[in-house]
Every structure is written in C-alpha cells, then in structure tokens.
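Data first, discussion second: the structure below is written as structure tokens.
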Amino acid sequence: MSIQRRKKHNRSNERRKLKREEALKELEVLEKNCQNLPLNLEYESFKELPLSLLTQQGLQQSNYIEMTKIQRKAIPLALRGRDVLGAAKTGSGKTLAFLIPVIESLYRKSWTQLDGLGALVIAPTRELAIQIFEVLRKIGRKHSLSAGLVIGGKNVDVEQERINRMNILICTPGRLLQHMDQTANFKCDNIQVLVLDEADRILDLGFEKTINAIIENLPKERQTLMFSATQTKSVKDLARLSLEDPEYVSIIEDSEHSTPISLSQHYLVCELPQKLDILFSFIKSHLQAKVLVFLSSCKQVRFVFETFCKLHPGAPLLHLHGKQKQTKRLEIFNKFSSMKHAYLFATDIAARGLDFPAVDWVVQVDAPENAETYIHRVGRTARYDASGHALLFLLTSEEQGMKAALDKKKVPIDKIKVKSSKTISIQKQLQSLCFKDPEIKYLGQKAFVSYIRSIYLQSDKSIFKVDELPIEEFAATLGLPGTPKIKFVKAQSKNATRQKPKKVPGYSSSDEDEGNSVKILEMNSNTLPNLDVQEKKRKEANPKSKLDKMFNRKNMSVLTDHYKKLVDQEADNITSEEELITLKRANHELSDELKQPVFFYAVYSIISSIN
Ligand code: ADP
Ligand code: MG
C-alpha cells in the first residue's frame, strides 16, 4: 500500500472509530435522559424529548413537529419504559405514540439484525397494519432497523424465510399466531416491546383467544403498549392480562365530548323504505364532496353501488367491503384516498382504523351497532385538525335507543328534518333495473335479506327491533317484485333445512349453529304477502308438510345458482372480516385461524447501518 493510500485508509478508519464512539456516547446520554425524564413537565414538541437524532430527522422530514395530546402524555411514559394503556379517539395520533417508543427502545439497545425480532405491533385489520407500516417507514427511514408486515395472504415460504430477519413486525393476530405455531425458527423470546393497537377492535373481531395465545408465547420481561379508541370492559380485562402496572392515559375523559369539536354531527329520522331515496338525494345535492357511506352488510353495499352507478347521480362512486380480494380493497382504498370528490360505499371494515385523508362527510345509512361503532365511523372525518360532517340515518324505531346510547357516550348530535319536497324518489328506476336485469334483482334480494338479518342479529334490542320493520314496503323500494321470504334456520348440515324452524317474533328461526352463527335461508317467493301469518297458519295445520320441505329445497337451489354466480366474481378464500362482524363476537377457534393462509406482504429494511 502506498504511503498516501495508507494515510487515507488510516484517516477513514479514524473517522469511522470516532463516529462509532459518538454513536455510543449518544446512546449512553439518550438512555440516561430517558431514565431520568421528568414526567411532571408538559412537552409540546418532539424536539423536547430525548429521541435519537435519526428519529428526530425522520419526524422532521415527515412534518411532525408538535405533539398531539395523546402523544404528549404517552410518549414520555413509554420512553421511561412504563407499560401504557392509552385511550384516545380516532384521529388523535396514536400511531406515533407507540411507534416512536418502539423504534427508540430498540435503538437504545443497539439492536441489530443479529438480535432478531425485538418488537411486535398487532393491529386488527390488514389495512390498518399497512398504514402503521407506512408511518414506520416514514419516521424510521434513517434507522438501520428492519421491519416487515405479516397480514395474511398466500405465500408462506417466502415469508417464513424472511420473517426471522425482521426486527419489527406489524401483524394481524391470526397470521401471527400461525407463525408462532408453524414457522420452525420463528423466535419471539427476545421481544422487548409489544404493541396492541385498536385493542377494542381486535376484541370486537373475536380475537381474544388468539391474543391470549400470542401473549403466552412472549417473554414476560417486556414493555407493553396498548391503545384503543374506546375503553370497554373487555379492553380492561385484556389490559389486566397483558400489561404490568400500567400507566393509564386517557384523552377521552378529559374532554367534554368523545368526538372531535371540529366535527358537526346530525341525525335524521326516516322510515326504512325512504333510505335510498334520501341517500340518492343527498348525493345529488353534494356532488363536490368526499363522502364515506356506511351500510350494514356487503350485500347492501353491492346493491346500492351497482344500482346507483346505473342511475348516474353525477359523482364518482366506489365500494369497499369484506368480500373483495385484499388487493382490490387496497386499490379502492388508495383510489378513494387520492380522489378529491368521490363517494365510497362501505361496510364497517372501512371504519376500522383507516386514515382516509380529508373525508368531508361520513354518512351512516344503516345505524351502527352501538355508540362505540358510531364513534369509530365518524372518526374517519375531522381527523387531526381538519373539519368534517357526520350524518346518521335512524329509523323511527331506532331513534330513542340510539340517541340515548350516543348521549351516554357524550356524542353531541342534533336532529335535522328531511325536506320531503327535496327528496327524489328512485323507486321506479330501481324497479325497472330489477325488472331488466336479473342480477340486480338477485343482488336486491340478497341485500334485503342481509339487512333484515343484520337487524335481527344486533345485540342491542332496545335500538334494533326487527319485528317493527315494514318489510314489504322496504322490498318494494328496493325495486323487488315481491317480498323475499325469510327464515332463520339452523345451519348444521345439509338436512338442516328440513328441520322445523323455531319461532321468533315475526319470523321463523332457530338456534345458532356450532360456530355460533345464524344462517338465513331464504327466499325468492314473489307472492308471499304477510308471510309470518301465512307461514304460521300453514305450520299449525301441518307442522312438517311436504310442501314445507319442497319449498325449502326448491328455493335453496334457485338461490344458490344465481347467487353463486354473483358472489364468485368477487369471492375470496380469505374469511370475510365482515362476516365476523355480522355474526359477531364468535371467539375464533384457533384451528379456524390456522386454516387461513399467511402471506408476507413486504419486507422493508429501513436503511443500512449506523457506521
Ligand atoms: P389514531 O391512530 O389515533 O386514529 P393516527 O395516528 O392515524 O390517529 O393519526 C391521525 C392523523 O394525524 C394522521 O394523518 C397523522 O399523520 C396525523 N398526525 C398524527 N400525529 C401528528 C402530529 N404530531 N403532527 C401532525 N400530524 C399528526
Ligand atoms: Mg390508529
């Protein structure tokens, strides 16, 4: 080596050494500052906190300067290593409240690739997991930590190979547990931080057992950060199980209202048969807006979307529901995010944690199951410091119960009147669509049945009264030529349809099946006015008549042929999350979970090493 080259070599060695020493010193200082961080001070900006330079840069470059309330309260505690149970309404900035402590914890421990998995973030849905991942990419871009997503899908091999190289994993519960069980070299015994985001939703979706099983696999010596938009009893139960001597930080109880002040909230009272007319009229009078429209089931979403597209209201329409393939859902989500004006018809799947930028309106055509879901849904607008509007459609029978539930949750909502002179009736157009297009008719029939089912399955009977629904009129306003016949039956075996259904008010029904789901058997009789009475009379006369059996069989096949065709276009082999809401609070059997394929969505190495 020439003298010059050697000198150069030595100089760069020196520089590297110096850099390493500086980095070590920074770590030492950071660690000390975190341990001694005074908790009685009000920190306002991220700069005031003992965060690594790399994180400070990442935050700055993403334009995160001032902290939100929940961040001010939760981050200092988490930096000191405490377990945190955080409650704050949606849109308040919970993601950074846990991601910053996660990155900092690993950074201060000089975490490297060799240390393996150091932090787990569990989120209820794939969409939410992807969003968290994106935020992590943004603020962690200067770090040398690696992060990956495990959110279900197909390619197990690729993922099994890569999963062990990750320092931070963002996962949905089912997929994570599958890994713990199936991936031979998947190690969790070095986990430093566990995050449970939207814990209330995770539990709502029936993942309680899964979460418990996951927690059992994790080392006891760890930090746990748990966040949720609402504090239910089951959230508190889970907190007792997974957190150690936690600090409870709540922004909800501090504020007078549980929804943002910049959100104007109204409800209108109508009858079921008017709903689509009012929705259509709303669209016509709000063409220049970005609106999220909630409906109770994916069949409703499909019917309203397909028919409204044909009626050309003059605004771009999109739809999002749990029966769509994951890639399709993401595509629609991105499209809606990037559009200035558009209507997105969605089921609650869209309400869970998604951060749609600048949604002007949240319109709830079908009432939410309870006040908590209401808060989640309207949380899609007026995020951070933007303003927004929320409109809730209530049936006369739902008004009193829902208003009481919302009052109890401190939701300030005012009643508005619908001007019937301004309402456009689309019943005739729907009738003609149904008449011309059998697919639309079958969609309408499915939408009808699934709506009635969703009301039947609602747990809060003080709000939802299935026997008060004007079902024939409702069917007519969907454009259907008759009222589909509905029967709630036990879905145990193929022969189950032959069993005599048990009676419930207004409808014949039976108990839930093994998977605690109620399946509904229907339909397609065009001429069954006053079906409850007719059905009752018929059964009294002959409890298990030939007609009974034949009727069931015949209608089964009529339905399956056409319906299969429709559903197959979009069906996915992934369990629809939406189904889980409708059929509700079933605690997923672990074995079912394991049947779901796993797909390692992406691997992202945030950047190369410090020195
Ligand atoms: P939550 O999880 O509580 O629903 P998010 O973490 O998704 O809320 O944040 C809501 C929105 O606020 C996001 O668009 C996010 O980028 C923005 N945000 C969060 N924290 C800050 C901050 N400190 N400064 C500016 N914007 C922020
Ligand atoms: Mg969130």
Side-chain angles (χ1 to χ4, degrees), residues 42-49 51 55-56 58-76 78 84-103 121-141 170-172 195-202 204-205 225-231 235 249-252 254-255 258-260 262-263 290 292 333-334 336-338 349-359 362 372-388:
E42 277 278 316
Y43 303 96
E44 288 183 357
S45 66
F46 291 110
K47 263 200 186 137
E48 298 165 49
L49 294 176
L51 302 177
T55 299
Q56 295 281 19
L59 287 168
Q60 236 166 42
Q61 287 171 11
S62 318
N63 270 325
Y64 294 127
I65 315 290
E66 301 278 318
M67 283 188 277
T68 64
K69 268 194 190 167
I70 185 76
Q71 290 162 0
R72 287 176 198 192
K73 285 196 172 184
I75 298 177
V84 175
L85 174 56
K89 47 200 169 199
T90 39
S92 57
K94 294 189 285 291
T95 318
L96 288 182
F98 60 77
L99 282 183
I100 294 174
V102 162
I103 296 178
V121 178
I122 304 178
T125 64
R126 294 165 184 182
E127 286 85 353
L128 184 58
I130 292 166
Q131 279 183 10
I132 296 170
F133 188 70
E134 291 301 324
V135 178
L136 177 64
R137 274 171 70 158
K138 274 207 297 197
I139 64 158
R141 66 181 124 193
I170 320 281
C171 343
T172 48
V195 177
L196 296 167
D197 188 27
E198 304 233 354
D200 48 348
R201 286 282 126 182
I202 293 180
D204 269 359
L205 289 172
L225 310 173
M226 183 164 144
F227 285 88
S228 146
T230 50
Q231 288 294 310
V235 168
V249 292
S250 168
I251 305 301
I252 297 169
D254 283 4
S255 55
S258 50
T259 44
S262 54
L263 175 66
K290 188 152 167 171
L292 188 52
F333 170 69
N334 288 333
F336 184 64
S337 299
S338 67
I349 208 157
R352 264 173 264 131
L354 290 187
D355 186 17
F356 296 107
V359 176
V362 170
E372 270 134 29
T373 305
Y374 174 91
I375 293 168
H376 272 286
R377 285 177 170 187
V378 300
R380 303 308 110 210
T381 180
R383 289 176 78 69
Y384 195 48
D385 53 4
S387 62

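All values below come from the heavy atoms of this structure, side chains included, with hydrogens, waters and symmetry mates left out. Remember, it's 1-based here, ligands and their atoms both numbered in the order they're listed.
The part of Phe46 lying near ligand 1 is the side chain, judged by heavy-atom distances below 4.0 Å. For Glu66, every heavy-atom contact with ligand 1 shorter than 4.0 Å involves the backbone, none the side chain.
Annotation: Asn63 places no N or O atom under 3.5 Å from an N or O atom of ligand 1; distance criterion only. Of the polar atoms of Gly91, at least one N or O is found under 3.5 Å from an N or O of ligand 1, judged by distance alone.
Using bins of under 30°, 30° to 60° and over 60° for the plane-to-plane angle, the ring pair Phe227/Phe98 lands in the tilted bin.
Inter-residue side-chain proximity for Phe46 and Gln60 is flagged as unmet; no heavy-atom pair is nearer than 4.5 Å. No side-chain heavy atom of Arg126 sits less than 4.5 Å from a side-chain heavy atom of Leu128. Inter-residue side-chain proximity for Tyr64 and Lys138 is flagged as met; some heavy-atom pair is nearer than 4.5 Å.
Which of Thr68, Leu59, Leu96, Thr95 comes nearest to atom 5 (P) of ligand 1 through a heavy atom is settled by distance: it is Thr95. The residue among His376, Glu134, Lys94, Glu198 with a heavy atom at the shortest distance from atom 3 (O) of ligand 1 is Lys94.
Close approach to Ser92 involves these atoms of ligand 1, each under 4.0 Å from a residue heavy atom: 1 (P), 3 (O), 8 (O).
Between the side chains of Arg201 and Thr125, no donor N or O sits under 3.5 Å from an acceptor N or O.
Each of Leu96, Leu59, Ile75 was compared with Met67 under the side chain to side chain contact (heavy atoms under 4.5 Å, CB included) criterion, and only Ile75 meets it.
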